[in-house]
Amino acid sequence: MSKKNFGGKLFDVCNITVLCLLAFITLYPFLYVVFASVSNPVKLLGNTDMLFWPVGFTLNAYKKVFTNSSIYIGYMNTIFYVVAGTSINIIATCMAAYVLSRKQLKLRRFFTLMFIFTMYFNGGLIPNYLLINDLGMVDSRLALIIPGAVSTFNLMIMITGFESIPQSLEESARIDGAGDWRILFRIIMPLAKPIIMVIVLYYAVGHWNSWFSAMIYIRDANKMPLQMFLRDILTRSQLGAMAGQMEVEDVGQTIKYATIIVSTVPILCVYPFIQKHFVKGVMVGAVKE
Amino acid sequence: MAEEKKERVRFMKNNLNRFGKKLLAFSLSMTIGLPAFLTGCGNNEAGELSEREGTESQTPADNGTSENIESSETDPAPVLTIWSNWSISDYFKDQGDAYYWKAIEEATGVDLQFIDCTGGKDTLSILVGTDDLPDIIIEYDGNLPGGVQKMMADGSILPLNNLMESGKLPNFTAYLESDPEADKLCKNDDGLYAWAPMIRKPDSPLVFNGNMIRQDWLDELGLTMPETVQEMEDVLLAFQNQKGCDIGFSFAYKNYDRMVNAFGICEGMYIGADDKVHFGAIENSYLDFLTLFNRWMQMGILDPDGFTQEIDAFYAKIASGRTGLVWGNTGGELGKIETMKAENPDMDFQPAPNPVLNKGDSFPVDQSNYRVSNIGYMISSTCSDMDAAARLIDYVYGEEGNMRANFGEEGITYELQDGKPVFTDLVLNNPEGLSIQRALSLYAGNNNKPFLVENEMMLGSYALDVQKKSLEVWATPDASVYKIPPLTLTTEEALEYNSLITDIQTYLDEFKLKFIMGTEPLDNYTQFVENINSMNIQRAIEIQQAAYERYLAR
Amino acid sequence: MKKMIPGLWKELKKNKGLYLMLLPVVVYYLVFCYYPMYGAQIAFRDFSPKLGITGSPWVGLKHFKDFFNGVYFERLIRNTLSINLKNLLFGFPAPIILALMLNEVKSGKFKKTVQTVSYLPHFISTVVIAGMILQFTATDGFITQMMTIFGFTKTNMMMNPDFFQPIYVISEIWQGIGWGSIIYIAAISGISAELYEAARMDGAGRWKQMIHVTIPGILPTIITMLILRIGNMVSLGFEKIILLYNSSIYETADVISTYVYRKGLLDQSYSFSTSVGLFNSVINLVLLVLANRICKRITEHGLW
């Protein structure tokens, strides 16, 4: 008895130690950025070590960031893309995942392969741009939502999730007279909640962090998402030097860090809401076999 | 069964709650976003329409006081789309709101619609690749896919010759006639003008970077400013031994070229004293350079992180007083160092003369930038209104536009004292804390839009004495070796050259560092040269030589 | 063939509702994924924007030959595969292990805190992370100093080719472990508590429970992620590597995408980069099919 307890306790201690260490290591970059963003820029310039506390304290960087109207526009755009985009993503992905997880369909394999194939072969930037252009979506917000409506990667994960729900539930529901849509919304989706929430997170973060599509398809500064603005601030001096500019405009370090914090913190807050759905035993009582 | 039903009901409720919330959020966002989205769509359509027809205007035309307008007051101004790679997103949401552009729009009677340039080279390459360029493009050659000559050869942009011959670019044409040296640099071997670039007037300072050394340390140790390479080495050693400086010579982005040039060569392609194209890495003097840096690395007076560090780490080393000799720009580094003085009042960086091999020699390699800079105005082949585009471009090359582009707006950014323009405090000592470059660029062309650069503008915009001094100290008037001028390669030549040089450059970059670090013994240098030769460097040199000869014959 | 069509029709009619539900997504794939595939022929032409895709001259396998005959071809492939393999061996299990470890923690608060903190690096821009890594591995960097304890001499770690791949893989784990563990945590929470009950009644301790209940429970998810990962073995994003590498470590750091990027800086050849991309895709697809087949044989789970 005591042997078991000791082994268990030792394991717990080791586990917690390692996790603490990991937490600290992964926390550091974020802390660094936070501390640097409130530091005095000139003092920060001379700092070659790691930061465990701000050097000098000033909120100037944040003041400058918040007085810049571009950030608000970026925010509004990004929030729109995240909400609208993710909604469409989830609806489309759930529908497709449900159908492709029904083992009774003979064409299941065919369509799954058809979708997987597109992960590897695509036409490249130019034909995609021409297509979007022909559809009249260039420089329209739709261009950031429709072309990315389904991510095959996420779809595959969701199919796996749906497959783990016992077929017997579906059968008994059909016997009760439920149609496909009812089964999807009232049985499958609640039971697959953890996986769906993860995919919601993946899509939402994907939209939040995305800048590439905006860079290609958007011409109007009023539609640009936040990340484009952030990239501009972070890479301006490097790109300028590469292009051969002689006198490169240098954005203060502290402003760079403040911009990162301002554009990252909101999305960080989404995960805690999702977390509460990862509750053990979702399946309790649902299966009586 | 009842339990099961209860569970199901609870789950359904939860599910609907979550789903319901999402639906609400979605519909809210659609109602908020939809109008914006629709107007976005609508604006786009209107913009396209007016572009094609060239008669509708988006904003009421400011046909006010300027005499340069050709269209009558009742005609709406033509709208041109423009790509101008200049980032002011932290000041103005739309680049067109900058005072400089507003003034130009008013003076030329053209309405400019600015395309968002945050995507830089990548966005531009999509626009080129899908033949969807805006009417006017202002960009650096390095950011253009394939370069400006390739874009003209591919037909994406139009040569300006037709417009020049039909008198639509009078000021630009007149200037080029008065300055044949610049003219040669503006056109290509076939006499075509691909763009209207930034041109510095004759007698401009042309060297804007070099080595800088801590004068206060020199004074403290009783040393004189080093002039030769050997003296530099001695000074660095003294810094190390007596000042405890652990990083002697520091730099970022591999800007140690000046030290290579001290040996009379450039690392890559250059024009030698014999007026022929050479490739520095296979010349004997390159071994001397590698030996020097290898020795400095072992002595510990060369920054071992110089080849990997980013600009922030580089500045940190300067600010923390760990380095005594750095490479820098007149505006960039010297200006930055000034701000560091708040924490380090004794820090005094002075420009160091370019190091020569023997005392009294003049520095062999010309450091001057070519007077024609690598940024310019281009007109795309899909431009809807050539005349308006020409009018817009030509403005800055004329007298009124020149004053505006150089000095900005009278009374705001400059005042006339004894007939000469002098920058005001708004520029030199901006109350909001903007740098000189930044403050000036809102009202004038500054460094990122093409125009004719006046000498006074350059000197006037450098506020610090040390900056003005550096322009003289770093100049190389007696050089006999030159950097490659802007050559034009034909499409076939370019294809062949690029495929050769990518691999050669990879090899060179890899091994030069190995030699310097000591991981590859310097005895293997002959093998290194043989390898480069076997990669067909001679053919690459031939291609450049042929292009150079065509350049001379322009 | 003729026999198949009535069979097909019967199948469609029988599951009409389901296939109708799938239809919008199928249309989406056809329009946005399959239609633009005609652009892949850029790889076989000398693309010029003014001539358009179909108007550009046909050059067959020229660009592929260019790529295969390059001086550095083997090195690029070797480095790409080597880094990806290391990533697979070390980077793939790491989030799984983290999820399992978190599962064993009893305090809900501690668990949540560690989870939230661990995915923070995923959100910090790569530019900042790369800057930090360069600083830590510089001559006076914090990691370099720690390494001197183990007997290494104090030099810039990033200029030593032997260090690059381990540093890269470790930094990928650092940035990705928290984020990657989310899916496994979600999968674990989907395992029925009854199974744990049954195992406990059979006398299984915590360790046995993990091996016989938890891991089999998340196995489908693991297999799916694994197969998808293997299907990416030849692709390696260049952004992080470009930010980290320098020419002295090309021999272990130069991968396919960084080389293509440098070449693209010079001549902007869409055709070359498209052909390299096509080459990557073919190899990746082959690997994917193999991985799927092997996984199905061993565990009966697969992508299709």
Side-chain angles (χ1 to χ4, degrees), chain A residues 4 8 15 19 22-23 25-27 29-30 33 50 92 95-96 99 102 105-107 109 111-116 118 120-124 126-128 131 147 149-150 153 156-157 160 163-164 179-180 194-195 197-198 201 234-235 260 264 267-268 271-272 275 278-284, chain C residues 11 15 17-18 21-22 24-26 28-29 32-40 42 53 101-102 104-105 112-121 123-125 127-129 132 140 142 174 178 182-183 185-187 189-190 192-193 205-206 220-221 224 228 270 274 277 281 284-285 303-304:
Chain A
K4 243 198 201 168
N15 199 19
L19 286 176
L22 183 75
I25 295 178
T26 46
L27 184 61
F30 186 74
V33 176
M50 313 214 322
M95 280 166 38
V99 175
R102 300 303 98 199
L105 291 184
K106 297 220 174 84
L107 289 177
R109 212 162 173 232
F111 282 112
T112 309
L113 283 172
M114 177 183 157
F115 295 165
I116 291 184
T118 66
Y120 296 93
F121 292 96
N122 57 58
I126 303 215
N128 275 301
L131 171 68
V150 179
F153 184 84
M156 293 299 130
I157 297 178
T160 309
E163 273 176 351
S164 67
D180 294 311
I195 290 282
M197 292 317 279
V198 173
L201 188 65
L234 287 180
T235 55
I260 293 178
T264 311
I267 195 69
L268 290 175
Y271 183 64
Q275 245 184 2
F278 296 164
V279 174
K280 255 196 221 171
V282 166
M283 298 271 284
V284 168
Chain C
E11 168 69 15
N15 294 299
L18 287 174
M21 200 190 274
L22 190 62
V25 178
V26 173
Y28 161 80
Y29 271 94
F32 289 98
C33 302
Y34 276 93
Y35 170 71
M37 277 189 197
Y38 75 87
I42 292 181
I53 296 181
M101 281 167 66
L102 281 171
E104 292 298 318
V105 171
K112 270 195 180 169
T113 318
V114 174
Q115 250 184 56
T116 313
V117 165
S118 69
Y119 71 65
L120 286 177
F123 290 92
I124 308 282
S125 156
V127 176
V128 174
I129 298 271
M132 274 185 205
D140 309 297
F142 148 74
W174 179 35
I182 293 181
I183 178 115
I185 294 175
S189 69
S192 161
R206 278 161 70 184
T221 313
T224 304
L228 288 174
Y270 271 113
T274 311
S281 295
N284 276 335
L285 198 56
L303 274 186
W304 68 86

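Throughout, protein chains are lettered first and strands after them, A, B, ... in sequence-line order, and every chain is numbered starting at 1.
The CG atom of A:Asn15 sits 4.5 Å away from the CE atom of C:Met101 when rounded to the nearest 0.5 Å. Distance check, rounded to the nearest 0.5 Å: CH2 of C:Trp304 to CZ of A:Phe115 gives 14.5 Å.
No side-chain N or O of A:Thr160 forms a donor-acceptor pair with one of C:Thr221 less than 3.5 Å apart.
In this structure, A:Lys106 and C:Asn15 have side chains that are not in contact, with every pair of non-hydrogen atoms separated by 4.5 Å or more. Side chains of A:Val33 and C:Val128 form a contact here, defined as non-hydrogen atoms less than 4.5 Å apart. When side chains are defined from C-beta on, C:Tyr119 does not count as touching A:Thr26, because their heavy atoms never get closer than 4.5 Å. Taking the side chain as every heavy atom from C-beta outward, A:Val150 and C:Phe32 never approach each other to under 4.5 Å.
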So A:Met95 and C:Leu22, side-chain contact (heavy atoms from CB on, under 4.5 Å) or not? Walk me through it. CA-CA 7 Å; A:Met95 280 166 38; C:Leu22 190 62; over 6 Å; no

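Only the backbone of A:Asn122 comes within less than 4.5 Å of a heavy atom in chain C; its side chain stays farther off. Contact annotation for A:Ile116: only side-chain heavy atoms (C-beta onward) come within less than 4.5 Å of a heavy atom of chain C. Proximity to chain A (any heavy atom under 4.5 Å) is restricted, for C:Ile124, to the side chain, taken from C-beta onward. Contacts of A:Ile126 with chain C are made by side-chain atoms alone, with heavy-atom separations under 4.5 Å and no backbone atom involved. Only the side chain of C:Pro24 has a heavy atom closer than 4.5 Å to any heavy atom of chain A. For A:Leu22, the part sitting under 4.5 Å from any heavy atom of chain C is the side chain, from C-beta outward, and nothing else. Only the side chain of C:Ile53 has a heavy atom closer than 4.5 Å to any heavy atom of chain A. For a residue to count as touching a neighbouring chain, one of its non-hydrogen atoms must lie under 4.5 Å from one of that chain's; by this rule C:Met132 touches chain A with the side chain only. The contact between A:Ile260 and chain C is made entirely by side chain atoms (from C-beta outward), counting heavy-atom distances below 4.5 Å. Contact annotation for C:Glu11: only side-chain heavy atoms (C-beta onward) come within less than 4.5 Å of a heavy atom of chain A.
Between chain C and the residues A:Thr112, A:Leu268, A:Leu27, the largest count of heavy-atom pairs under 4.5 Å involves A:Leu268. When each of C:Leu228, C:Leu102, C:Val114, C:Thr274 is scored by its heavy-atom pairs under 4.5 Å with chain A, the top score falls to C:Leu228. Of the listed residues (C:Phe123, C:Tyr270, C:Tyr38), the greatest number of heavy-atom pairs within a distance under 4.5 Å of chain A belongs to C:Phe123. The residue among A:Ile25, A:Asn128, A:Ile157, A:Leu19 with the most heavy atom pairs within less than 4.5 Å of chain C is A:Leu19.
Remark: side-chain polar atoms of C:Ser281 are paired, donor with acceptor, to backbone N or O of A:Tyr120 under 3.5 angstrom. Judged by distance alone, with hydrogens and angles left aside, the side-chain atoms of C:Tyr28 form a donor-acceptor pair with the main-chain N or O of A:Pro147 at under 3.5 Å.
Nearest heavy atom pair, residue C:Tyr29 against residue A:Met114, reads CB-CE, 4.5 Å. Nearest heavy-atom pair across A:Ala92 and C:Val25 is O-CG2, 3.6 Å. In terms of heavy-atom proximity, A:Leu131 sits nearest to C:Pro36 at CD2-CG, 3.9 Å. The two residues A:Pro127 and C:Gly39 make their nearest non-hydrogen contact at CG-CA, 3.3 Å. For the residue pair A:Pro29 and C:Trp174, the shortest heavy atom distance occurs at CG-CZ2, 3.1 Å.
Taking the ring pair (Phe, Tyr, Trp, His ring centres under 6.0 Å) definition, one finds that A:Phe111 meets it with nothing, sequence neighbours left out. In this structure, A:Phe30 has no ring pair (Phe, Tyr, Trp, His ring centres under 6.0 Å) partners at least two apart in sequence or on a different chain.
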